[in-house]
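What you are looking at is a predicted structure, and each value in this text was computed from that prediction instead of being measured.
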Amino acid sequence: MSLTDILSPSDIAAALRDCQAPDSFTPKKFFQISGMSKKSSSQLKEIFRILDNDQSGFIEEDELKYFLQRFECGARVLTSSETKTFLAAADHDGDGKIGAEEFQEMVQS
């Protein structure tokens, strides 16, 4: 399964266009524009599984840096400050990585 099986390609493209400039990525806005914030819990779990590149059950900082590229391979890499802000916003238990439940909470809140 791919992200375009769950999210509209045009919504993904619009979300990526919105954050093309370095330091312009805002997770909440990206989730809204891409349509992720309207998806069911089971769909968000599937999106998380796709984004968890090494299938560890967590999205670590190294994977988070390439978040946009999981939606489109030509997309930019998140800056260090964007990555740290994203991680801090989702990592509720402070373990330095984002679990599936943390991801779902962030997208749906």
Side-chain angles (χ1 to χ4, degrees):
M1 184 171 283
S2 74
L3 289 168
T4 54
D5 293 329
I6 304 168
L7 301 170
S8 149
S10 62
D11 288 346
I12 291 172
L16 289 170
R17 268 193 313 275
D18 184 69
C19 61
Q20 281 181 335
D23 292 318
S24 67
F25 175 78
T26 306
K28 289 284 182 204
K29 193 171 182 188
F30 186 88
F31 299 150
Q32 290 169 346
I33 296 171
S34 69
M36 286 173 63
S37 57
K38 297 178 190 139
K39 298 301 173 186
S40 69
S41 295
S42 62
Q43 288 171 310
L44 289 176
K45 283 180 184 162
E46 185 59 27
I47 290 170
F48 178 85
R49 192 190 64 70
I50 294 167
L51 295 174
D52 178 16
N53 200 35
D54 65 3
Q55 299 300 299
S56 66
F58 297 95
I59 299 174
E60 293 89 5
E61 190 169 343
D62 282 350
E63 289 172 308
L64 206 53
K65 184 168 46 173
Y66 300 103
F67 179 80
L68 298 177
Q69 292 183 353
R70 302 296 289 152
F71 291 87
E72 181 182 282
C73 48
R76 71 177 181 85
V77 173
L78 294 180
T79 65
S80 177
S81 66
E82 287 171 321
T83 303
K84 289 183 187 327
T85 300
F86 193 170
L87 184 62
D91 180 21
H92 302 303
D93 62 10
D95 64 359
K97 51 194 175 186
I98 302 169
E101 288 180 16
E102 291 172 318
F103 179 76
Q104 191 173 324
E105 285 175 31
M106 181 183 200
V107 174
Q108 292 179 324
S109 65

key: Test log, rule side chain to side chain contact (heavy atoms under 4.5 Å, CB included), inputs Leu3 and Leu51   = CA-CA 9 Å; Leu3 289 168; Leu51 295 174; 4.2 Å; yes

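For residues 98-109, the set of pairs meeting the salt bridge (charged side-chain N to carboxylate O under 4.0 Å, His left out) definition, not counting sequence neighbours, is empty. Here side-chain hydrogen bond (donor to acceptor under 3.5 Å, both in side chains) pairs that include residues 11-23, with residues two or more places apart or in two chains, are Asp18-Lys29, Asp23-Thr79, Asp23-Ser81.
Residues satisfying the side-chain contact (heavy atoms from CB on, under 4.5 Å) criterion with Ala100, sequence neighbours excluded, are Phe48. Qualifying side chain to side chain donor-acceptor pair (under 3.5 Å) partners for Gln32, counting only residues two or more places apart in sequence or in other chains: none. Residues satisfying the salt bridge (Lys or Arg N to Asp or Glu O under 4.0 Å) criterion with Lys28, sequence neighbours excluded, are absent altogether. Residues meeting the side-chain contact (heavy atoms from CB on, under 4.5 Å) test with Thr4, sequence neighbours left out: Ser2, Pro9, Ile12. Checked against salt bridge (Lys or Arg N to Asp or Glu O under 4.0 Å), Glu46 has the following partners two or more places apart in sequence or in another chain: Arg49. Shown here are the side chain to side chain donor-acceptor pair (under 3.5 Å) partners of Lys38, two or more places apart in sequence or in another chain: there are none. Annotation: side chain to side chain donor-acceptor pair (under 3.5 Å) contacts of Gln43 (sequence neighbours excluded): Ser40. Remark: Asp54 engages Ser56 in a side chain to side chain donor-acceptor pair (under 3.5 Å) (not counting sequence neighbours).
Put simply, CD on Gln104 and NZ on Lys39 are 14.0 Å apart, with the number rounded to the nearest 0.5 Å. Within the model, atoms CD1 of Ile6 and OG of Ser42 stand 8.5 Å from one another, a figure rounded to the nearest 0.5 Å.
The hydrophobic cluster analysis finds Phe58 isolated: no Ile, Leu, Val, Met, Phe, Trp or Tyr side chain comes under 4.5 Å of it, directly or through other members.
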Listing, residues 64-72 side-chain donor-acceptor contacts under 3.5 Å, not counting sequence neighbours, or none:
residue, atom, partner, partner atom, Å
Gln69, NE2, Ala75, O, 3.0
Arg70, NH1, Asn53, OD1, 3.2
Arg70, NH2, Ile50, O, 2.6
Arg70, NH2, Asn53, OD1, 3.4

